[in-house]
Amino acid sequence: MFEKMLDRLSQGWYIITYALGIYHLNLFIAFLTPKIDPAMDEFEDDSGPSLPTRANEEFRPFIRRLPEFKFWYSVIKSTLLSIFLTFFQFFDVPVFWPILVLYFIVLFCITMKRQIMHMIRYRYLPFTHSKPKYQGHDESGKLSLIPEKLVPVVTQNVT
């Protein structure tokens with residue numbers, strides 16, 4: 001029985017899978033995009049918060065248009081919905097799947113190229129690379145609480 005159900009799920013359902021992939025791509029783009037888009041800010045007259053575009057501008061933190069929790073929540077909901085839809089024969093529409101795969105790859109490449117160019121143009125990066133390093137630490141990673149000129153120097157002569 002389990003093999004029959006697995007065989008049924010492994011054949012077809014290309015439209016549901018394609019729609020799920022497009023929806024996940026849309027969520028991912030919203031996750032990468034800042035809440036206040038600097039491209040749209042050029043057309044507006046209000047002087048609200050914006051991302052810095054020059055090196056001498058003040059740093060503002062990156063705020064996502066779609067927060068991470070909502071992103072993962074939407075991904076899980078849509079995946080569960082698509083799994084539920086596979087139980088109905090009505091949604092098993094016969095299509096030529098290589099066309100859908102090729103179209104999805106082309107759409108993904110074009111969309112990501114546009115998004116990356118937008119990130120480069122407005123100089124924002126939605127990911128962090130490493131832990132920030134602050135001034136005041138010595139090479140060992142320990143914070144010196146007492147200035148060196150106040151610490152007595154102790155020497156021992158062993159004969």
Side-chain angles (χ1 to χ4, degrees), residues 1-137 139 141 143:
M1 179 177 166
F2 180 71
E3 291 175 6
K4 183 179 179 184
M5 188 170 134
L6 185 63
D7 186 47
R8 182 173 174 250
L9 288 176
S10 66
Q11 298 174 1
W13 309 109
Y14 302 121
I15 291 295
I16 292 175
T17 307
Y18 177 72
L20 179 66
I22 295 295
Y23 183 68
H24 285 182
L25 179 63
N26 186 23
L27 290 174
F28 186 62
I29 294 300
F31 179 72
L32 291 178
T33 307
K35 187 173 187 176
I36 301 162
D37 192 1
M40 294 297 148
D41 201 32
E42 295 174 357
F43 301 112
E44 297 176 5
D45 293 327
D46 63 4
S47 59
S50 64
L51 292 171
T53 55
R54 290 180 215 84
N56 60 356
E57 287 188 28
E58 178 184 351
F59 171 76
R60 293 182 183 90
F62 183 81
I63 301 170
R64 299 179 189 282
R65 189 170 75 183
L66 181 66
E68 186 175 3
F69 179 78
K70 288 184 180 181
F71 170 76
W72 287 112
Y73 182 67
S74 299
V75 165
I76 290 171
K77 274 192 334 187
S78 63
T79 304
L80 291 177
L81 177 66
S82 67
I83 290 172
F84 177 73
L85 291 177
T86 60
F87 292 117
F88 300 102
Q89 197 65 29
F90 174 74
F91 294 106
D92 191 11
V93 179
V95 293
F96 187 60
W97 66 268
I99 299 282
L100 291 180
V101 171
L102 181 66
Y103 182 67
F104 180 79
I105 290 171
V106 168
L107 185 66
F108 178 80
C109 292
I110 290 172
T111 306
M112 289 311 294
K113 179 183 175 190
R114 188 191 65 165
Q115 187 67 29
I116 290 170
M117 295 302 287
H118 190 270
M119 289 179 193
I120 292 170
R121 180 175 180 198
Y122 292 104
R123 297 182 184 178
Y124 67 91
L125 188 63
F127 305 110
T128 56
H129 293 291
S130 63
K131 183 178 176 181
K133 297 178 181 160
Y134 300 103
Q135 298 292 341
H137 292 261
E139 302 246 342
L143 183 63

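Keep in mind the model is a prediction, meaning the values are calculated, not measured.
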Participant: Just wondering, do Gln89 and Asp92 contact through their side chains at under 4.5 Å, heavy atoms?
Facilitator: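 Counting from C-beta outward, Asp92 and Gln89 do come under 4.5 Å.
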Participant: I need the Ile16 CD1 to Phe91 CZ distance, nearest 0.5 Å.
Facilitator: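 One gets 6.5 Å once the value is rounded to the nearest 0.5 Å.
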Participant: Phe31 and Leu66: which non-hydrogen atoms are nearest, and at how many Å?
Facilitator: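 Nearest pair, atom of Phe31 first, then Leu66: CD1-O, 3.5 Å.
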Participant: Quick one: does Ser82's side chain get under 4.5 Å of Thr17's, heavy atoms only?
Facilitator: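 SC-SC contact between Ser82 and Thr17 ruled out.
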Participant: Would you indicate whether the side-chain heavy atoms of Ile105 and Val101 approach each other to under 4.5 Å?
Facilitator: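 Yes. Closest side-chain heavy atoms under 4.5 Å.
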Participant: What class does the angle between the rings of Phe104 and Tyr18 fall in, given that below 30° is parallel, 30 to 60° is tilted and above 60° is perpendicular?
Facilitator: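 Perpendicular.
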Participant: What distance separates Leu100 CG from Leu107 CG, expressed to the nearest 0.5 Å?
Facilitator: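 It comes to 11.5 Å.
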Participant: To the nearest 0.5 Å, what is the distance between CZ (Phe96) and CG (Leu102)?
Facilitator: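 The CG atom of Leu102 is 10.5 Å from CZ of Phe96, to the nearest 0.5 Å.
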Participant: Once rounded to the nearest 0.5 Å, what's the spacing between atom NE2 of His118 and atom OG1 of Thr33?
Facilitator: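 OG1 of Thr33 is found 7.5 Å from NE2 of His118.
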Participant: Report yes or no: does Thr111 contribute a side-chain atom to a donor-acceptor pair with the main-chain N or O of Phe108 at less than 3.5 Å?
Facilitator: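 Between the backbone of Phe108 and the side chain of Thr111 there is no qualifying donor-acceptor contact (under 3.5 Å).
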Participant: Measure from the ring center of Phe84 to the ring center of Phe88 and say whether it is less than 6.0 Å.
Facilitator: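 For Phe84 and Phe88, the ring centres are under 6.0 Å apart.
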Participant: Any non-hydrogen side-chain atom of Thr79 less than 4.5 Å from a side-chain atom of His24?
Facilitator: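 In contact.
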Participant: Which atoms form the tightest heavy-atom contact between Gln115 and Ile29, and what is the distance?
Facilitator: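 In this case the closest contact between Gln115 and Ile29 is OE1-CG2, 3.8 Å.
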